[in-house]
Amino acid sequence: MPTSQAANLPPPGILHVVATPIGNLGDLSARALETLKTVSAICAEDTRHTRQLLSHFGLERPLLALHQHNEDAQAAQLVARLLGGESLALVSDAGTPLVSDPGFRLVRAARAAGVRVSPVPGACAAIAALSVAGVPSDRFVFEGFLPAKGSARRERLSRLAGEPRTLIFYESAHRIEESLEDLAAAFGGDRVAVVGRELTKLFETVLDGSLDELKARVAADPNQRKGEFVVIVEGAGDDADASIAEGRRLYAKLSEHLKPSQAARLAAELSGAPRKALYNSDES
C-alpha cells in the first residue's frame, strides 16, 4: 500500500506563548529562556524591543513583527509554518502576551488548525499589582486600558460603578490624573484603591488609600505621574452597596434630563437603592 502524502509530512510544530519581564530582567524564567533559544523564530510586538531583550541574554533568533496592524495578515503564514513543523514563540513587549496585547488571532488560528499552543507563564503587571494590593483578590475583573477620550472613559466607568468584584485597569502616564479623577467621580471618592507604578523597576511605588487620597497624592508629586500604571479599585461590595452604586449611576444619567427629585425616584425604583442615598431631599 503506497504511503500517503499526509504520512510524509512532519508533525506540526508548537506555538509557545512566552511571558517576558515587565521590568526586572531577572524575572525571565529558565524555561522561557530555553524556549526562546530553541524555536525557529520569535513573533514579537516590537522587534526592536525584543531584540534588546535577546541581546541581554546573548541570544540571536529570527524575529517576526506581529502587532495589531498586521496580525490578521500574518496569522495564516505563521500557521503554515507551524503546520510545516516549525515551532514558534509569541512574545509581547512586556509581560504575558494577549493580556491587553496582540496575539489572540494567531492563537485562535493555530488552535483551529490543530496546532498545539503551549503557555510559558511568567510576569503579568495586572497579577503582580493585585498580589501586593491588599484588596479582595478571590474575584476580579481586568478592564485593560480605559478609553482615551474623556466622554467614552466616563461612560465606561459609569457602567462599572456597581461591579462587586475588584477592578484592574492599566493606565499611561499622560492620563493617570484624568483617570483617577473620573474613577472618583464614578465610584465615589471614598472607594478604596491602589496605584502600582513602574512595577519591578527601579522606581517602583505602590500607593493605597481612597480614590480621593490617591488623586491628591498623584497630583502633588510629579514623580507619581511618570511611568506605567496599574490601578486597582475595590469592588462595590455586597448587594446593598452595589445597588447604591448602580442607583447613583442611574441618577447621574437621569438627572441630565429630569428634575433631581424625579431622577432620584426613578433611579431608586430601577436599582432598588434607597432614594435618600441618591438624593437628599425633603420632597416626597
Side-chain angles (χ1 to χ4, degrees), residues 19-28 44-46 48-53 55-57 67 91-97 99-102 122-137 140-154 156-157 160-161 163 166-235:
T20 56
I22 59 175
N24 191 316
L25 296 180
D27 291 336
L28 186 69
E45 184 180 4
D46 185 333
R48 296 166 300 179
H49 186 94
T50 300
R51 187 171 287 110
Q52 292 177 352
L53 176 68
S55 177
H56 176 83
F57 289 99
H67 45 71
V91 302
S92 63
D93 286 352
T96 300
V99 180
S100 202
D101 281 321
C124 174
I127 301 303
L130 183 64
S131 72
V132 298
V135 298
S137 55
F140 58 89
V141 180
F142 176 68
E143 283 289 322
F145 284 95
L146 288 165
K149 292 185 177 179
S151 58
R153 183 170 58 248
R154 289 187 286 273
R156 171 83 65 82
L157 291 174
L160 294 171
E163 171 59 60
T166 293
L167 295 125
I168 306 176
F169 305 94
Y170 285 166
E171 195 49 273
S172 61
H174 62 280
R175 282 198 299 269
I176 185 63
E177 283 190 279
E178 294 175 6
S179 290
L180 288 173
E181 181 80 31
D182 290 340
L183 280 162
F187 296 172
D190 57 350
R191 184 82 71 91
V192 173
V194 175
V195 174
R197 183 182 72 93
E198 294 288 89
L199 295 176
T200 78
K201 300 177 184 177
L202 180 61
F203 297 107
E204 171 185 285
T205 57
V206 179
L207 306 179
D208 59 6
S210 69
L211 281 167
D212 276 346
E213 291 169 343
L214 292 173
K215 182 177 63 173
R217 291 174 72 179
V218 170
D221 184 354
N223 288 324
Q224 295 303 323
R225 302 194 295 274
K226 298 176 182 178
E228 297 174 327
F229 297 82
V230 182
V231 180
I232 297 182
V233 184
E234 197 167 284

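Just so you know, these numbers use all the heavy atoms, side chains as well, and skip hydrogens, waters and symmetry mates.
Shortest non-hydrogen contact noted between L157 and A186 is CB-CB, 3.7 Å. Summarising the geometry of T20 relative to S92, their closest heavy-atom pair is OG1-O, 3.6 Å, with the distance given to 0.1 Å. Minimum heavy-atom separation, I232 to A133: CD1-CB, 3.9 Å. Looking at every heavy atom in both residues, A129 comes nearest to V230 through CB-CG1, 3.5 Å. G122 and A19 make their closest contact through N-CB, 3.4 Å (heavy atoms, listed as atom of the first residue, atom of the second, distance). Of all heavy-atom pairs spanning D182 and G150, the tightest one is OD2-O, 4.4 Å.
At most 12 non-hydrogen atoms from other residues, nucleotides or ligands lie less than 6.0 angstrom from CD of E228. More than 12 heavy-atom neighbours from other residues, nucleotides or ligands sit within 6.0 angstrom of CZ on F145. Heavy atoms of other residues, nucleotides or ligands lying less than 6.0 angstrom from OH of Y170 number more than 12.
A side-chain donor-acceptor contact under 3.5 Å links D93 to the backbone of D46. Without hydrogens or angle criteria, R197 side chain to R225 main chain gives no donor-acceptor distance under 3.5 Å. A donor-acceptor pair is defined here as one N or O able to donate and one able to accept, closer than 3.5 Å; such a pair exists between the side chain of T200 and the backbone of N24. Judged by distance alone, with hydrogens and angles left aside, the side-chain atoms of S131 form a donor-acceptor pair with the main-chain N or O of A128 at under 3.5 Å. Under a 3.5 Å cut-off, the side chain of T166 and the backbone N or O of P136 do form a donor-acceptor pair.
Salt bridge E234/R191: absent, no basic N to carboxylate O contact under 4.0 Å.
The CD1 atom of I22 sits 10.0 Å away from atom CD of E198, with the distance rounded to the nearest 0.5 Å. Distance check, rounded to the nearest 0.5 Å: OG1 of T205 to CG of L199 gives 8.0 Å. Atom-to-atom distance recorded for L130:CG and C124:SG is 9.5 Å, nearest 0.5 angstrom. Taken from NZ in K201 to CG in L25, the straight-line distance is 10.5 Å, to the nearest 0.5 Å. To the nearest 0.5 Å, the span separating CG on L183 from CG on L167 amounts to 8.5 Å.
Taking the six-membered ring where the residue is Trp, F187 and F169 present tilted rings, their angle falling between 30° and 60°.
Put simply, the residue from V91, D101, T50 that forms a side chain to side chain contact (heavy atoms under 4.5 Å, CB included) with E45 is D101. Shown are E178, E177, E171; of these, the salt bridge (charged side-chain N to carboxylate O under 4.0 Å, His left out) with R175 is made only by E171.
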- Can V194 and V132 be said to form a side-chain contact (heavy atoms from CB on, under 4.5 Å), step by step? CA-CA 9 Å; V194 175; V132 298; over 6 Å; no
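Applying the side chain to side chain donor-acceptor pair (under 3.5 Å) test to D208 and every residue at least two apart in sequence or in another chain returns nothing.
Under 3.5 Å, the side chains of Q224 and R217 contain no donor-acceptor pair of N or O atoms.
Side-chain contact between L180 and V195: present, with at least one pair of heavy atoms (C-beta onward) separated by less than 4.5 Å. In this structure the side chain of I127 reaches within 4.5 angstrom of the side chain of F140, judged on heavy atoms.
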